[in-house]
Amino acid sequence: MKKLLLDVDCGVDDAQAIMMALAAPDVQVLGITCVKGNTSVENVCRNVLRVLQVCQGLEIPVFKGVSKPLLGVEISAGHFHGEDGLGDAPDLNAPGLDLVQKEGAVEAIIRIVTEHPGEVALVAIGPLTNLALAVRLDPSIPEKLKALYIMGGNSDSRGNVTMCAEFNFASDPEAAYIVLDDYRCPTYIACWEFTCYSKLPWEFCDVWLEQDTAKARFMKKISQHSRQASNNEAVEKCLVGGQGFISCDSYAVAAAIDDRYILESEQVGVTVELSGTHTRGMMVLDTQGLLRKTHKATILRKVDMEKFKKLLMDSMK
Ligand SMILES: [Ca+2]
C-alpha cells in the first residue's frame, strides 16, 4: 500500500483530487491536513469532511492548519470555487467541525511522517504554509519523506491570479520558497501551465459526472459554479492552450498514485520570486544552474492522459 498524506485548501479540484486518492485500490490516505486558500481554513475542514462523508471515509483524520500566510497581503481566490469553496451548494447533512482532530495540522504532518519513515508521499495541493512551518519545527521531515508532490507554481512565467504567479504560490510566496529550498526529498511539481496543456474536453466531464452514483451527483452539484466561472472572459485569458476541463490538483495526486503516469519531465533547480513588483510568487526555473542547487525538482511536462482519465472515472464509482 502507498501511504499518502494530503495537504489541501479544499476547493472543487481538491475535492476531485481527494476522491481520486480515496478510490485508488493500492493507496492508504493517512490523514488530510487543511490550510487556508480557496476559502477559510474552517470551510476547508468542513469541505474535506463533506468529501469524506460522500466517500464513506470519515475514519480518515482531518487536521485544521494555518489560517493566513507567513507574510504579506492575503490574496483572494476570487470565489472561483464559490464563497464556501465547494460551489455554494450546501448540504444539510454535512458533518460538524467537531469531527476535526484536536491535534493541529503542522504537528500532525511531523508526527505522521515520523511514524512512517521513508514511506509517506506528501501531496500538497494548496498554499504551502503548513509544510513550511512543519520543516521549520522539525528540519528532519524532508529526509523522512518518500516523496513530495506539489500542485503549484509556474514554469513559463504565466500566472493565474497575478501576471506571473499561480494561486497556491502567490498565496504564500515565502512558504513556497521555504518548501522548495528545504524539502530535499524527491519533489514532483505539477505547474499551472502544465495543467492547462493537459486539459480534458468538456465532453469527458459530462460523461464523468453523468455516472449514476452518489459521488458523481455530489461532484456535479459542487462543480456547477466553477464550470460557469470557467466561461468568464478573465478566466479564459489566463488559460493557456484553449478551453477545456482542468482538475489542477488531481494531476499531482495521480503522480503520487501511479509511478508510470509521468511520461516526460524536467529535472531543474527551482526557487520563488519574493520581491518583484510584478513577479512576487512566481516560480523560477534555474535552467543554467546559477543557484548551484544540488537538489533538483521534477517538473511534470507530459503525463499519460488515458491513465488520468481512468483514475478520474474510477473516483466517482
Ligand atoms: Ca487546491
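All residue numbers in this chain count up from 1 along the given sequence. In listed order, ligands and their atoms are each counted from 1. The figures here come from the full heavy-atom set of this structure, side chains too, leaving out hydrogens, waters and symmetry mates.
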Using a strict cut-off of less than 4.0 Å between a Lys/Arg side-chain nitrogen and an Asp/Glu carboxylate oxygen, indicate whether K36 and E74 qualify as a salt bridge. yes

Leaving waters out, which protein N, O or S atoms fall under 3.0 Å from the Ca ion (ligand 1)? D9 OD1, D14 OD1, D14 OD2, I125 O, D249 OD2

Start with the C-alpha distance between K68 and D172, add both sets of side-chain angles, then the distance that settles salt bridge (charged side-chain N to carboxylate O under 4.0 Å, His left out), and finish with yes or no. CA-CA 9 Å; K68 58 195 295 192; D172 196 339; over 6 Å; no

R301 and F194, any side-chain heavy atoms less than 4.5 Å apart: no

Enter the distance from K146:NZ to L148:CG here, rounded to the nearest 0.5 Å. 13.0 Å

Between the side chains of K144 and S140, does any donor sit under 3.5 Å from an acceptor? yes

Sub-4.5 Å side-chain heavy-atom contact between M163 and H278: yes

